[in-house]
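In what follows, every chain begins at residue 1, and chains take the letters A, B, ... in the order their sequences are listed.
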Protein chains: 2
Amino acid sequence: MTIPRTSTREHILKRATVLFQGRGYNGFSFKDISTPMGIRNAAIHYHFSTKSDLCSAVMQRYRDLLKSETADFMKHGGSARYQLEAYLAFIRHEILDAHCMCPLTNVAVAMDTLPDEIRAQAVTLSNELLAYLTRVMELGREQDEFQFNCAAEQKALSVKATLQGAGQLARLMGPQVVDQVIDQIRCDLGL
Amino acid sequence: MTIPRTSTREHILKRATVLFQGRGYNGFSFKDISTPMGIRNAAIHYHFSTKSDLCSAVMQRYRDLLKSETADFMKHGGSARYQLEAYLAFIRHEILDAHCMCPLTNVAVAMDTLPDEIRAQAVTLSNELLAYLTRVMELGREQDEFQFNCAAEQKALSVKATLQGAGQLARLMGPQVVDQVIDQIRCDLGL
DNA sequence: CGATAAACTTACTTATAAGTAAGTAACTTT
DNA sequence: AAAGTTACTTACTTATAAGTAAGTTTATCG
């Protein structure tokens with residue numbers, strides 16, 4: 001058959017994203033992608049030669065998404081508060097609607113068992129993410145929107161860590177955890 | 001051979017703990033335990049009938065450890081500050097010295113792929129952990145040691161989430177992350 | 001219309017996983 | 001000293017994983 005062929009690669013990537021961010025690298029197999037799609041494992045290998053390649057593409061897409069999202073946030077005015085809220089909403093959506101974790105969580109957990117390529121992508125992503133959040137924190141303090149008395153980098157790190165943890169605890173303790181933790185982040189910034 | 005037999009079960013549990021907390025349920029196999037110990041997989045099955053049983057025992061031990069640790073913390077005087085610091089030191093040691101994550105992280109990540117038994121243990125652990133931290137927060141506020149203006153439960157949740165995240169980010173960004181995040185937790189409690 | 005390339009499938013290989021059944025050596029009990 | 005129990009091993013089964021090679025269909029291009 002193979003009628004609408006153009007979109008197969010995209011479908012594979014989408015399923016892989018959900019699975020990678022939802023279960024981790026070692027928590028899914030090619031079958032979890034191919035069977036629900038009604039294709040064969042070999043079709044995945046046609047588009048992505050290895051599992052490492054596939055997950056590397058997932059990481060790359062997440063970085064691209066983040067880049068375009070954060071660029072978007074910045075367009076809508078320079079308000080640090082707005083940018084923080086946009087990022088919080090993005091994370092909130094990923095956790096509550098998509099039931100996904102930040103890829104950094106999944107990489108960190110299985111660190112020792114992963115191909116170098118994936119680890120490298122994760123390190124780059126963490127640098128990009130922290131750089132963005134650090135700028136938001138700096139901006140917020142300059143504009144007297146946020147209050148904190150440590151390095152902006154440290155505050156950004158702490159915010160990111162808290163959000164990572166929220167994603168995990170929400171799975172164990174229920175979705176209300178996410179909003180409680182996000183509230184606390186705002187509160188700790190003097191909002 | 002089998003000369004020192006008594007301790008095999010304990011050795012298996014210790015290796016399984018390191019592997020489970022270090023790589024997650026799907027990130028290790030029986031071989032990772034048996035080969036370095038110089039025993040066969042079947043020897044593991046003799047002591048623990050399934051992988052689920054083994055990891056359930058690991059979770060149980062972690063809960064027991066936590067229970068005795070927190071009981072210990074409480075004996076050394078009722079100071080909330082002391083109890084917080086003791087827990088922070090415990091987590092810090094697990095991350096930096098043992099290179100382990102809190103089991104909650106590993107369970108949350110692979111949630112959908114895990115046996116019910118493990119999930120149930122994790123839910124219980126998260127309740128116990130949060131109950132303890134909530135008591136510490138309540139105590140700290142009563143004694144004017146900590147400052148925060150939300151429910152003690154929410155503050156405890158936020159602290160735990162932050163520590164969970166610190167464990168992950170430390171693997172990607174280096175060990176200094178842990179102390180930076182811990183500093184921030186203190187700071188956000190008015191310390 | 002025929003050749004070519006893209007997008008697959010079928011069928012296979014190799015490796016590794018968890019788990020089991022039957023046998024064995026050493027200590028323990030009677 | 002015989003019998004049973006503990007703590008394993010050897011050898012196996014079954015399932016599943018990633019990955020590959022060769023063939024097939026469909027669209028496209030000259």
Taking the side chain of [X] as heavy atoms from C-beta outward, which of [options] is closest to it?
X	options	value
A/A42	C/dT10, C/dG19, C/dA21	C/dT10
B/K31	C/dA17, D/dC8, C/dA21	C/dA17
B/S29	D/dT9, D/dA17, C/dA18	C/dA18

Checklist entry - Taking for each residue the nucleotide of DNA chain C bearing the nearest heavy atom, is the 5' side occupied by A/Y46 or by A/R40? => result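 Closest to the 5' end, via its nearest nucleotide, is A/Y46.
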Next on the checklist: Pick the closest DNA chain C nucleotide for A/I39 and for B/F28 by heavy atoms, then say which residue is nearer the 5' end.
Outcome noted: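 Closest to the 5' end, via its nearest nucleotide, is A/I39.
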Checklist entry - Can A/E128 and A/R63 be counted as an ion pair, charged N to O under 4.0 angstrom? => result yes
Item to check | Lys/Arg-Asp/Glu bridge criterion (N-O < 4.0 Å) met for A/D116, A/R119 | outcome: yes
Checklist entry - Between A/H45 and D/dA21, is there a side-chain N or O to OP1/OP2 distance below 4.0 Å? => result no
Next on the checklist: Does a side-chain N or O of B/T8 approach OP1 or OP2 of D/dC8 to a distance below 4.0 Å, or not?
Outcome noted: yes
For [X] and [N], give me the distance from atom [atom1] to atom [atom2], rounded to whole Å.
X	N	atom1	atom2	result
B/L19	C/dA17	CG	P	12 Å
A/F30	D/dA17	CZ	P	11 Å
B/I44	D/dT6	CD1	P	20 Å
B/H11	D/dC8	NE2	P	11 Å
B/K51	C/dA17	NZ	P	9 Å
B/I12	D/dT6	CD1	P	17 Å
B/R9	D/dT6	CZ	C1'	14 Å
A/N41	C/dA7	CG	C1'	16 Å

Next on the checklist: What contact category does A/F48 fall into here, base, sugar-phosphate, or nothing, at under 4.0 angstrom with non-hydrogen atoms?
Outcome noted: nothing
Next on the checklist: Does any part of the side chain of B/E94, heavy atoms only, come nearer than 4.5 Å to the side chain of B/Q21, both counted from C-beta?
Outcome noted: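 In contact.
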Checklist entry - Quick one: does B/F28's side chain get under 4.5 Å of A/T113's, heavy atoms only? => result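 They are not in side-chain contact.
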Checklist entry - Got a donor-acceptor contact below 3.5 angstrom from the A/N127 side chain to the A/V123 backbone? => result yes
